Amino acid sequence: MFRYATKTGLATLAMAASMLAPACAASQDAEAARNEMRQLPWQHGPVTGAVGSVAQLKVPAEAALLAESSGGRFLELTGNPPSPGNTILVNGNWFAVFKFRDEGYVKDDEKIDADGLLKALQDSDGPANEERRKLGLDELHTDGWAVRPHYDARTKFLEWGVRLHSGSDPHPVINYTMRLLSRRGHEAVILVTEPDTLDKDVNELRGLLTTGFAFNPGERYDEFKPGDHVAEYGLGALVLGGAAAAAIKGGWWKGIVALLAAGWKLIAAAVVAGFAAIGKLFRRRAGDQ
C-alpha cells in the first residue's frame, strides 16, 4: 500500500517538477522532467487498457493510462522511490495508482473497527517516519479519517480516506484508498487529490471503476472455487496493509507498528506542488493533435 501527498492549488507542471525529491531534481531540471513525463507511453482515452495482467479499464476521454511497465518511472518523477507493478491513471485534476495484490481471497464478513484501525495507523507514524528519513523523504503524519472505512457488498469495494500532513507543510492532504476484491486477491487503488475536491474526485473515480473496471474472466470475486487460496486476514487488516498486518502472531496490535513502518509507509510520495497540472498537459496535447 502506498501513501501519496499533494499540496492544494494549481501550478504549472514545471513548478511541480521543481518540487521533486532531491535525488530526482539533482539529475534533471524541471523542463526535462516535464518532457519525460509527457513522453512516457500513455494510452489516451477513450480506450480500454490493461490494468496489470488481471483486469481491464475503460479510460474516458481526456484521461490517460500508463501501463505498469512504465509506472515505476512515473512514481520516480513524482518524488517516489520507483516501485514495480503499478498502473497509473491520470484524469483531470487527480491521478490514481493501481497495483494487484495476489494474496488470496479475502472473506468479506468482518465488522470494521474504524477507531482501532486509526489508532494503529497513528501509532506507526513514528517508526515509519524514521525509515522515511533514512530514504531522504519528508515525514508524513496521520491526522485522522477523511472518510471512515466502509465496504460495499454489492460492488466488493472497500474504501477509506486518510487525512495527512507532511513534516514541512502542515496543510492537510488526502490519500483515498480503495480495495477491489477478486478471486485471487485484490486490486489496490490509491487516489491522489486535494481536500477541496475530494468528494467530486472520489465520485468520479468510483463511477469510472463501477462502470469501466472489470477483472478478467476467471478472476472475479464470485468465481471463487473450493480449494482456492484464502487470505489469512479480513477487511480490517486489509486497511492496514493486508498480508503485512496478517503476519502478526499473538496479539492483533502487537508488532503492527514495526510491520507498517517496514511496509507501505516506506514508499510514500514526497510533496509535489500542483500535480493537477498534469491533466492540463494531456488536454493541451490532445488539442495539438
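In this chain, residues are counted from 1 in sequence order. Note: hydrogens, waters and symmetry copies are ignored here, and every other heavy atom, side chains too, is used. Everything numeric here is computed off the predicted structure, so don't read it as measured data.
Contact check for R184 versus E219: side-chain heavy atoms found under the 4.5 Å cut-off. With contacts defined as side-chain heavy-atom distances shorter than 4.5 Å, the pair Y233/E103 qualifies.
One distance of note links CG of L205 with OG1 of T210; it measures 9.0 Å at 0.5 Å rounding. A distance of 10.5 Å separates OG in S182 from CG in N216, rounded to the nearest 0.5 Å. Note that CE of M178 is 7.0 Å distant from OG1 of T155, once rounded to the nearest 0.5 Å. Rounded to the nearest 0.5 Å, atoms OG1 (T177) and CG (L238) are 10.0 Å apart. The distance from the CG atom of L209 to the CG atom of L57 is 6.5 Å, given to the nearest 0.5 Å.
In this structure, K58 has no side-chain hydrogen bond (donor to acceptor under 3.5 Å, both in side chains) partners at least two apart in sequence or on a different chain. For E159, the side-chain hydrogen bond (donor to acceptor under 3.5 Å, both in side chains) criterion is met by Y176, R206, not counting sequence neighbours. With sequence neighbours excluded, the residues forming a ring-ring contact (aromatic ring centres under 6.0 Å, His included) with Y221 are Y105, listed by chain and number.
Taking the six-membered ring where tryptophan is involved, the planes of H165 and H141 are essentially parallel, since the angle between them stays under 30° and well short of 60°. Relative ring orientation between F213 and F98 is described as parallel, the plane-to-plane angle staying below 30° on a 0-90° scale split at 30° and 60°.
Residues P84 and K99 approach most closely at O-NZ, 2.6 Å, considering heavy atoms. Across every non-hydrogen atom of R38 and W42, the tightest pair is O-CD1, 3.9 Å. Closest approach of I88 and G71 over heavy atoms only: CG1-CA, 4.0 Å.
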Q. Can you list the steps and then say if V162 with T142 is a side-chain contact (heavy atoms from CB on, under 4.5 Å)?
A. CA-CA 7 Å; V162 180; T142 304; 3.8 Å; yes
Q. Going through the checks in order, is the side-chain contact (heavy atoms from CB on, under 4.5 Å) test met by F157 and L181?
A. CA-CA 7 Å; F157 290 178; L181 303 189; over 6 Å; no
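A donor and an acceptor atom, one from each side chain of Y151 and E110, are nowhere located under 3.5 Å apart.
In this structure, K119 pairs ionically with D123, as a charged nitrogen and a carboxylate oxygen lie closer than 4.0 Å.
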